[in-house]
Amino acid sequence: MIQHIELLSVQFHGLERIVHGSKMTEHGDYIHYQRCKISLPTTAGYFSQAASFLSTVISLQRNILICFQKIQIMCEIVYQDAVHYLELPISNNEVFCREDTPESDTSSVTSTISVESNGDWCVGVKKQRITDLVNQKLAELCYG
């Protein structure tokens with residue numbers, strides 16, 4: 001899920017600002033790049049340079065808010081998944097008790113799936129389910 005987040009850092013050199021970015025690709029590689037270089041004008045009359053500086057600051061703030069929204073969506077989906085799959089199935093009464101089951105039975109039921117492989121399988125399914133939900137929600141996120 002980290003490939004949805006872009007990390008930004010700003011280096012200050014006097015009146016000059018250098019914005020660097022980092023992002024993880026789908027293949028697990030990291031890309032580091034210089035996003036922009038801006039400087040604040042010291043004299044009057046350089047309005048285009050001042051406007052460029054202000055638009056860069058606004059863009060940084062917007063990027064931070066978008067990344068924060070993405071992190072909130074990811075955390076919300078993980079939380080909702082945990083709550084949803086811990087709920088007791090109310091509609092299926094046979095899960096907890098059956099009238100024709102004796103109170104105690106000497107026979108035991110054996111499973112062909114080991115606990116380790118079952119646990120790994122469950123974790124893999126949960127991870128894929130959460131990843132799919134995150135991808136779906138982030139695709140719906142409007143940057144407008």
Side-chain angles (χ1 to χ4, degrees), residues 1-41 46-144:
M1 290 188 289
I2 195 70
Q3 66 265 18
H4 295 290
I5 305 295
E6 179 183 16
L7 304 173
L8 296 177
S9 65
V10 180
Q11 294 178 345
F12 297 88
H13 299 284
L15 295 176
E16 187 176 77
R17 309 293 186 255
I18 301 173
V19 180
H20 294 277
S22 298
K23 190 163 178 126
M24 182 178 176
T25 64
E26 293 178 6
H27 304 292
D29 300 325
Y30 289 94
I31 299 173
H32 304 286
Y33 52 91
Q34 181 176 327
R35 190 160 185 189
C36 69
K37 188 176 191 178
I38 54 171
S39 60
L40 189 63
Y46 292 98
F47 297 114
S48 64
Q49 194 174 2
S52 175
F53 183 83
L54 289 175
S55 68
T56 302
V57 171
I58 291 169
S59 176
L60 284 171
Q61 181 183 10
R62 184 172 182 258
N63 189 299
I64 290 168
L65 290 175
I66 289 171
C67 286
F68 183 68
Q69 285 177 335
K70 289 178 180 180
I71 291 170
Q72 281 183 321
I73 288 171
M74 291 177 195
C75 291
E76 181 180 326
I77 288 172
V78 170
Y79 173 74
Q80 286 177 351
D81 184 76
V83 170
H84 177 72
Y85 284 95
L86 286 178
E87 291 179 347
L88 298 175
I90 297 172
S91 63
N92 191 355
N93 294 332
E94 293 183 356
V95 172
F96 299 107
C97 60
R98 289 176 43 179
E99 294 177 7
D100 60 345
T101 304
E103 292 182 19
S104 65
D105 192 0
T106 57
S107 65
S108 62
V109 177
T110 59
S111 176
T112 59
I113 302 174
S114 67
V115 175
E116 293 83 17
S117 65
N118 189 19
D120 290 344
W121 179 80
C122 289
V123 169
V125 169
K126 181 177 180 178
K127 182 179 177 181
Q128 185 62 43
R129 181 177 62 238
I130 289 172
T131 303
D132 291 344
L133 283 171
V134 166
N135 290 336
Q136 177 187 358
K137 289 289 187 181
L138 291 181
E140 296 171 0
L141 184 64
C142 178
Y143 299 125

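Note that the structure is predicted; figures quoted are calculated from it, not measured.
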Review point. Does the side chain of Lys70 reach to within under 4.5 Å of the side chain of Val134, using non-hydrogen atoms?
Key: no
Review point. Side chain of Ser52, backbone of Ser48: donor and acceptor closer than 3.5 Å?
Key: no
Review point. Any donor and acceptor pair, going by atom type alone, linking the side chain of Asn135 with main-chain N or O of Thr131 inside 3.5 Å?
Key: yes
Review point. Is Glu6 close to Arg35 at the side-chain level, that is, under 4.5 Å between some pair of heavy atoms?
Key: yes
Practice item. Give a yes-or-no answer on whether the side chains of Asp132 and Gln136 include a donor-acceptor pair shorter than 3.5 Å. Key: no
Point to revise | His32 vs His20 side-chain heavy atoms within contact, under 4.5 Å | key: no
Check your understanding: Given the rule in the side-chain contact (heavy atoms from CB on, under 4.5 Å) test, do Thr25 and Ile31 qualify, once you have shown the distances and angles that lead to the verdict?
Key -> CA-CA 7 Å; Thr25 64; Ile31 299 173; 3.4 Å; yes
Check your understanding: CD1/Ile73 to CD/Gln69 distance, rounded to the nearest 0.5 angstrom?
Key -> 6.5 Å
Practice item. Determine, stepwise, if the pair Ile77 / Ile130 fulfils side-chain contact (heavy atoms from CB on, under 4.5 Å). Key: CA-CA 7 Å; Ile77 288 172; Ile130 289 172; 4.3 Å; yes
Review point. So Arg17 and Val57, side-chain contact (heavy atoms from CB on, under 4.5 Å) or not? Walk me through it.
Key: CA-CA 10 Å; Arg17 309 293 186 255; Val57 171; over 6 Å; no
Point to revise | Residue pair Cys36 / Thr56: nearest heavy atoms and the distance that separates them | key: SG-CG2, 3.6 Å
Check your understanding: In terms of side-chain heavy atoms, does Glu76 have a donor or acceptor partner in Gln72 at a distance below 3.5 Å?
Key -> no
Check your understanding: Looking at CE of Met74 and CG of Leu133, how far apart are the two atoms once the value is rounded to the nearest 0.5 Å?
Key -> 12.5 Å
Practice item. Can you measure from OG (Ser55) to CD1 (Ile38) and round to the nearest 0.5 angstrom? Key: 7.5 Å
Point to revise | Minimum side-chain heavy-atom gap Ile5-Ile71 below 4.5 Å | key: yes
Point to revise | Greater than 12 external heavy atoms within 6.0 Å of Tyr30's OH | key: no
Review point. Which one of Glu16, His13, Gln49 satisfies the side chain to side chain donor-acceptor pair (under 3.5 Å) criterion with Ser39?
Key: Gln49
